[in-house]
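Heads up: the structure comes next, in structure tokens.
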There are 2 protein chains.
Amino acid sequence: MGAENQDTNHLSSVKNALRILRSFTVDEPEKKVSDLSVSLGLNKSTVSRTMATLASEGFVYKDPETKKYRLGFSILSLSGIVNTTMDVYRESIQTLNKLVETTGETAHLSIIDQLEVIYLQKVECNHPVRFLTHVGRRNPLYCTSSGKVLLAYCQDEDLLEQVIQQGLNRFTKNTITDPQKLREQLKEIQKNGYAYSSEEYREGVNSIAAPVYDYRGKVIAALAVVGPKQRIPSQKINNIAKKVIYAASEISAKMGYR
Amino acid sequence: MGAENQDTNHLSSVKNALRILRSFTVDEPEKKVSDLSVSLGLNKSTVSRTMATLASEGFVYKDPETKKYRLGFSILSLSGIVNTTMDVYRESIQTLNKLVETTGETAHLSIIDQLEVIYLQKVECNHPVRFLTHVGRRNPLYCTSSGKVLLAYCQDEDLLEQVIQQGLNRFTKNTITDPQKLREQLKEIQKNGYAYSSEEYREGVNSIAAPVYDYRGKVIAALAVVGPKQRIPSQKINNIAKKVIYAASEISAKMGYR
DNA sequence: CACCATCGTTGCTTTATACGCAACAACAAT
DNA sequence: ATTGTTGTTGCGTATAAAGCAACGATGGTG
């Protein structure tokens with residue numbers, strides 16, 4: 001049945017290659033053929049040949065000395081196409097710059113993809129950089145301010161249930177793990193027009209996010225400011241929220257929202 | 001012969017998939033199965049099945065209404081791994097921010113990849129954004145300031161010859177197309193410690209770049225400031241160059257260069 | 001330093017996959 | 001209303017890809 005993309009209907013050697021690409025992580029940006037063979041359950045000659053093919057097209061790079069592979073710059077080239085061809089990306093850059101200036105903290109723009117938040121755009125503040133997030137990084141929906149905003153305004157009611165179904169895993173002592181509490185908080189976020197996360201995803205890190213609308217009135221992205229709790233204490237959340245909401249509405253206006 | 005990656009030794013269905021991915025451009029971010037079939041010389045059922053496989057892993061996304069495909073967010077995720085795991089990327093962010101503040105113009109960091117410049121990092125200035133470059137974009141080596149810096153300091157003497165061999169195509173009336181003039185200019189750049197491009201790649205756009213060294217004294221990246229010629233006239237080049245050189249040396253120091 | 005283990009590559013064989021054809025439904029164009 | 005185009009899918013076949021074994025290179029160990 002064509003409508004359902006069953007595994008049996010896919011090209012297995014292409015899937016192998018894509019699984020290899022997806023196995024690279026920030027924590028493990030270098031991989032050996034033998035390690036991939038074990039972790040993916042593929043024969044080492046299969047991995048070796050697949051890697052050679054990926055390398056020939058610049059999707060991976062083989063260090064001639066260590067024989068380890070890294071992701072290649074063809075990926076960076078393609079990613080430039082992914083985000084710069086998105087209207088919301090282009091329309092948000094100046095506003096993110098201004099928001100970082102007025103709040104003094106890092107700002108980013110994110111959307112939902114595959115039951116997660118993914119960061120499209122990030123502007124760093126002038127404080128020492130700690131790399132809490134990066135463009136392309138995925139984070140959970142239920143315990144990040146951006147994620148909660150996107151959940152709160154999502155028109156697909158099924159999405160929240162799927163996220164809950166997947167499990168609300170605890171990251172810090174502040175993580176919301178009770179589905180009912182999450183539902184209540186999402187209603188509150190709809191009322192307030194913004195969300196915040198107080199150390200819900202990462203110890204010591206707070207963030208505040210507001211929805212970005214498109215011309216049809218659909219929420220298509222979340223704009224957020226993120227920083228250490230010392231610089232974003234509870235008392236400042238309301239003030240920062242006003243700035244984030246204003247900036248988000250600026251982007252929304254550029255997207256044709258009225 | 002294993003050392004030479006001959007086409008006949010690669011997995012053809014994987015190559016098909018990678019060729020499909022690479023066919024997307026900023027100018028054509030959406031593709032139809034039938035158009036790809038024609039442009040890549042593949043049967044439409046081959047394209048259709050390959051696309052379905054790429055979509056199942058998030059490498060492309062199919063618009064359910066138009067049936068056109070776009071690149072997917074798995075690519076953005078992987079690109080985040082590509083650049084944030086590079087030392088020079090992490091060590092340069094704050095310096096780029098400062099450089100944009102002191103010069104008032106857009107700055108970016110780039111490296112060489114496959115006989116081209118590729119942009120790893122970009123910080124926009126506060127002027128209206130024109131998207132002359134983006135992270136992941138590739139540009140020629142011989143007529144961009146970053147490219148000329150990387151060529152001037154490249155230890156692989158073959159590289160310049162390969163670039164010349166490929167042809168010095170004219171982009172503007174200022175593009176250097178004479179190999180001998182290019183060689184002379186590269187020597188000059190080594191002397192000056194910076195390069196500039198005066199409308200050599202794009203009409204009305206000037207840029208100034210300086211080399212970034214690693215701990216071994218090898219030039220691994222170029223730091224550049226770019227802007228319209230009205231804001232970066234010839235008279236200001238020397239002054240801006242000083243700032244770029246200083247910023248590049250800051251990054252070099254962080255990379256362990258002394 | 002010799003020996004053993006591991007890794008990555010490659011020749012080869014076998015089998016299962018991927019390719020292309022044809023047919024079809026849906027939609028667009030005339 | 002008719003024709004053309006597109007994308008999907010069943011099917012058959014040829015070939016590509018997977019895995020095995022062997023090998024050379026390199027690393028680890030006693």
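Distance CD (B:Glu30) to P (D:dT6): 16 Å, rounded to an integer number of Å. We find that NZ of B:Lys32 is positioned 15 Å from C1' of D:dT8, with the value rounded to whole Å. Atom CG of A:Leu36 and atom P of C:dT6 are 18 Å apart (whole Å). Rounded to whole Å, the distance from NZ on A:Lys31 to C1' on C:dC7 is 17 Å.
Partners of B:Arg170 by side chain to side chain donor-acceptor pair (under 3.5 Å), not counting sequence neighbours, listed by chain and number: B:Thr177. Not counting sequence neighbours, the partners of B:Asp214 by the side chain to side chain donor-acceptor pair (under 3.5 Å) test are B:Arg216. Taking the ring pair (Phe, Tyr, Trp, His ring centres under 6.0 Å) definition, one finds that B:Phe171 meets it with B:Tyr201, sequence neighbours left out. B:Asp156 is linked by a side-chain contact (heavy atoms from CB on, under 4.5 Å) to B:Cys154, B:Asp158, B:Leu159, counting only residues two or more places apart in sequence or in another chain.
For the OP1/OP2 pair of D:dT5 and a distance below 4.0 Å, the side-chain nitrogens and oxygens of B:Ser34 include no atom meeting the criterion. OP1 or OP2 of D:dT8 sits under 4.0 Å from a side-chain N or O of B:Ser48.
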Kindly list each side-chain donor-acceptor pair under 3.5 angstrom involving residues 251-258 of chain B, sequence neighbours excluded, with atom names and distances?
| from | atom 1 | to | atom 2 | distance (Å) |
| --- | --- | --- | --- | --- |
| B:Ser252 | OG | B:Tyr213 | N | 2.9 |
| B:Ser252 | OG | B:Ala248 | O | 2.8 |

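Residue contacts for A:Lys62: at a heavy-atom cut-off of 4.0 Å it reaches the sugar-phosphate backbone alone, with no base atom in range.
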Protein-proximity profile, nucleotides 13-30 of chain C, B/S/- by nucleotide at the 4.0 Å heavy-atom cutoff, equals ----SSSBB---------
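For the 3.5 Å distance criterion, the side chains of A:Ser45 and A:Asn43 qualify, holding a donor opposite an acceptor.
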